[in-house]
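Below: one structure, written as C-alpha cells.
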2 protein chains.
Amino acid sequence: MVTERQLEIILAVVYEYITTGEPVGSRAISKRYLTGKSPATIRNEMADLEEMGYLWQPHTSAGRVPTSKAYRFYVDAILQRKPAPPQGLERWLKEIKKRRRNTEELLSYVSTLMSRTTRCFSVAAIGALGNMQPRRVDFVRLDSEHVMVLVVLEGGLVHHRVIAVPGDISQEKLDAAARKVNELIASRPWSEVRTALYRQIRGELEDYFNACLAAIDELDAMALRQNYHFFARGASEILKLPDFQDVSRISAILALLEEEESLLCLLESYSLKEGLHVIIGEENAIEEMRDYSLLFNVVDAAGCRMILGLIGPLRMDYEGSIATLEAISKDLREDHM
Amino acid sequence: MVTERQLEIILAVVYEYITTGEPVGSRAISKRYLTGKSPATIRNEMADLEEMGYLWQPHTSAGRVPTSKAYRFYVDAILQRKPAPPQGLERWLKEIKKRRRNTEELLSYVSTLMSRTTRCFSVAAIGALGNMQPRRVDFVRLDSEHVMVLVVLEGGLVHHRVIAVPGDISQEKLDAAARKVNELIASRPWSEVRTALYRQIRGELEDYFNACLAAIDELDAMALRQNYHFFARGASEILKLPDFQDVSRISAILALLEEEESLLCLLESYSLKEGLHVIIGEENAIEEMRDYSLLFNVVDAAGCRMILGLIGPLRMDYEGSIATLEAISKDLREDHM
DNA sequence: TCTTAGCACTTCTCTTATGAGAGTGCTAAT
DNA sequence: ATTAGCACTCTCATAAGAGAAGTGCTAAGA
C-alpha cells in the first residue's frame, strides 16, 4: 500500500517531471512540494517508491522519473476533478460548425485542431454502428459487372463502394430498387430496414434480387465490420518534442500510425464503450506504444461512432489534453445531430 | 560550358554519392570511373566544377557532394534512356486492380505502394477536371436548410458536400430535380451538361431553381477549384533514411506535407500539364523543400486528374523512383477507364 | 521511532587534448 | 596535359579531467 505522503510524492514527481522534463531530485520535492520535510526524508521515501515500481532512476546519481504506474495515479487524480477546458479553444470550435460542409472535412479539421492544441499526434475516426440510420441509398451502374452502392447516413456520413454483381443490371432497375429501399428507410435504424427489405425481396423486389442482396450485404458489412474512416494528423508535432530526438523509435510508431489497419487493430484491442479511455505507456499491449500514452474518447451519435484519439509522450500534458478532448467531443456530439 | 570529361565526372560523383551517401573523393573517381586518369587530374577538374557550381565540399578536406545542378544533369541523362520498371512491382499492380472497391481506397493503396517501393514520402491526389463527366447526381435533404449534393464521376470518383439552401425544399422536389439532371447527363462532359441545365432551369425546372443553382455552383466549383482528395503516405520511410537524422528539418517538412492546403499550393506552383515532372532541391520554390527532390506525374483520364508524387532526399534513387512512378501511372490510367 | 545533517560515492556531462584518417591544393617533374 | 609528392586542413573518435547533481548510508537529534 501507498501512504498519504508517498502519494503526494508520486504526484509531485509526475507534475515536476511533466513540467521540466528533467529527472526530479529529492531537493526539488523538499523545496517546492513537501516544504516541511528535508531532502533526506524524501530520499528515503523515494527509495521505497522505486522498490514498489512507481519511480525509476536513469542512473545512480540522477533524480527520479515516474513510471507508467505513477502516471496512472496522476491521471486518476486528474479525472476526479474534471479539468477546465483550455481557453482559446472555443473560437476554434465555432469554426468547426462553419466547416460542416461534409463529415469527412469536419473530422479532418477536428483532427488538425486537436493536434495543434495538444501538440500530440491525433486521430479522428468515424464509422457506422449497428443501429445506424441510413438516410439515403443510391445505386449507380458503372459497367456490366460493377455497381456502386452509395449510402448517406443520418449523421451526414457518406459511404460508397463498388461491388461486383453477377449479371448486368440496367440503371432503370437499379433506380427502381433504390427508390424502394429509400421508401423503406424513413430514418429507421438499419436493423429494422434490413428485415423489412428481406421481406420485400421475397415478393415485390424479386426482380432486383441480386442487386439488393449485394447492397444489403454491403450495408451489413458497414455496420458490423465497422470500417472506419480515419483522419490522422500531427506527426510533425511529435517530432518537435524534445523527448523524441531518437529517430528510430519515431519511425516505428509512425509506420504503425500510418497504416489504417494497424490503427484499427489498436482501437479494437480496447473495449470500445462510450467515454474516455486513457492508456499509459506500459499499459499498452502494443510494443511500439510503450513509450507513448494514448487518450481516446468514444462518442456514439446518430448511429455513428466517432473516436477521437491523442497519442503523445508519457510526460504529455494530461490535464490539458483530456480537457481538450472532452470539450471537442462534447461539441461534436451536439453538432452531429 | 562543360567538357565531355567534366560531364563524366559529374555523373560519376552523383552516382557514387547516391550509392554510398559519403562525399566522393578524387581517388574513388579515378579508381572506379575514369580509370585512365590519376586522382590529381580529377582533382583539378573537380576544383573547376566546384567553381562552376556543380560540386560542393562540406569542408576543406572532404570529398565532393553534388549540387542540385549536378543532379539535374544526372536526371536528364536518366530520362533519355527510359529506365526499366523495377521487378516485383507487377505483383502489386495486379493487387491494385482487385482493390478497386472505390477510387479513394485505390489511391490510398497506390500511395502506400509507392512509398513502400521507393522508400519515399508519397502523395496521390485526384480531382475533377473541367471536362469531367458526371455519371450520377443525387440530392439528399438533410434538414430545412441543408442539402447534400452527391456526384459520381465517370472514373468512379465520388464527391459530396453539404450546401446551404435558402428555403426548405422537400425530398420529393429534390428527387425530381436529380432525375432531370441525371437524364441530361448521359456521360456528356460537364460543360455540355451545364449549358443544357441552364436552359432547362429557365423553363421546366423553375420549381427547383434554387436547389439546382446551388448544385450547379457546387459542380462548377469542383471542376474549377480542383479540390483534390489527397492520400499521403510514408513519413516513416523518410525518417528511416540515414540522411535525415536531424529531426528539426523533418518536422518542418512533415508539417508542410500534412496540410492539404500547402500540398495544393505546392502542386499548383507548377504547370500541371500531363506527364512527369522532376524538381530537384534548390529548383524548388518552397524553402522547406530545398533539401528534397520532388517527382510527380500528372495523369488525366476520364475527366479526372490524378497526380502521383514522390518526395525523397536529394540523393534518392531517381532511376528506380521514376520507373516506379511511370509504371504505376500507366497502369492506373489504363485501369481508370 | 521518525527525521535530518553530513559526507563519501557514483554517474553524467562538458571541455580540452591528442592522434589517426581522409582528402585536398599546390608545386615541380614528366 | 598529366601526375607524383607532400604539406596542410578538417573531421572524428577516444581519452582524461573538472564540475555538478544527486544518491545512500550513518549517526545524531527530536
Side-chain angles (χ1 to χ4, degrees), chain A residues 1-10 12-17 19-67 70 242-243 245-246, chain B residues 1-10 12-17 19-67 70 242-243 245-246:
Chain A
M1 257 336 289
V2 183
T3 67
E4 182 75 19
R5 192 167 73 184
Q6 285 176 327
L7 179 57
E8 260 183 277
I9 293 176
I10 291 176
V13 171
V14 173
Y15 185 80
E16 187 73 9
Y17 186 64
T19 317
T20 66
E22 305 272 295
V24 185
S26 53
R27 243 179 76 86
I29 301 287
S30 154
K31 232 179 183 174
R32 248 163 296 174
Y33 300 90
L34 294 165
T35 38
K37 299 292 156 187
S38 79
T41 310
I42 311 288
R43 268 207 289 284
N44 286 329
E45 294 280 35
M46 279 171 129
D48 290 347
L49 286 171
E50 179 160 10
E51 213 166 297
M52 295 159 79
Y54 290 102
L55 299 178
W56 173 80
Q57 272 184 303
H59 56 86
T60 333
S61 73
R64 254 69 173 211
V65 172
T67 64
D243 308 86
Q245 295 308 324
D246 178 18
Chain B
M1 256 336 287
V2 183
T3 68
E4 182 74 21
R5 194 168 71 185
Q6 284 176 327
L7 179 57
E8 260 183 276
I9 293 176
I10 290 177
V13 171
V14 174
Y15 185 81
E16 187 73 8
Y17 186 65
T19 316
T20 66
E22 306 272 296
V24 185
S26 54
R27 245 179 75 86
I29 301 286
S30 155
K31 231 179 181 173
R32 248 162 296 175
Y33 300 89
L34 295 164
T35 38
K37 300 292 158 189
S38 79
T41 311
I42 311 289
R43 268 208 289 284
N44 286 329
E45 294 282 32
M46 280 171 129
D48 289 348
L49 286 172
E50 180 160 6
E51 212 165 299
M52 295 159 80
Y54 291 102
L55 299 179
W56 173 80
Q57 273 184 302
H59 56 87
T60 333
S61 74
R64 254 70 173 208
V65 172
T67 64
D243 308 85
Q245 294 309 323
D246 179 16

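This one's a predicted model, so the numbers in the text were calculated from it and none came from an experiment. Letters A, B, ... mirror the listed sequences (proteins, then strands); counts begin at 1.
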Exercise for review: Verify the neighbour count for atom OH of B:Tyr15: are there more than 12 heavy atoms of other residues, nucleotides or ligands below 6.0 Å?
Suggested key: no
Review point. Between atom NE2 in A:His59 and atom P in C:dT10, what is the gap in whole Å?
Key: 15 Å
Review point. Do B:Leu34 and B:Ile9 touch side chain to side chain, with heavy atoms closer than 4.5 Å?
Key: yes
Check your understanding: Would one find a side-chain N or O of A:Ser38 under 4.0 angstrom from OP1 or OP2 of C:dT4?
Key -> yes
Point to revise | Intermediate values then yes/no, side-chain contact (heavy atoms from CB on, under 4.5 Å), B:Glu16 and B:Glu22 | key: CA-CA 8 Å; B:Glu16 187 73 8; B:Glu22 306 272 296; over 6 Å; no
Review point. For the pair made of CG in A:Leu34 and P in C:dC2, what is the distance, rounded to whole Å?
Key: 17 Å
Review point. Reckon B:Arg64 has a side-chain N or O less than 4.0 Å from the OP1 or OP2 of C:dT24?
Key: yes
**Study point:** B:Arg27 CZ - D:dA4 P separation (whole Å)
**Key:** 12 Å
Review point. Does the side chain of A:Thr67 come within less than 4.5 Å of A:Glu50's, by heavy atoms?
Key: no
Review point. What about B:Thr60, does its side chain sit under 3.5 Å from the base of D:dC10 through a donor-acceptor pair?
Key: no
**Study point:** Spacing of B:Ile42 atom CD1 relative to D:dT3 atom P, expressed in whole Å
**Key:** 8 Å
Review point. What's the closest nucleotide to the A:Ser26 side chain, out of D:dT3, C:dT3, D:dT23?
Key: D:dT23
Review point. Hey, does the side chain of B:Lys37 come within less than 4.0 Å of D:dT3's phosphate (OP1/OP2), counting only N and O?
Key: no
**Study point:** A:Thr41 side chain, from C-beta outward: closest of D:dT3, D:dC10, C:dT4
**Key:** C:dT4
Practice item. Among C:dG6, C:dT3, C:dT10, find the nucleotide with the atom closest to the side chain of A:Arg43. Key: C:dG6
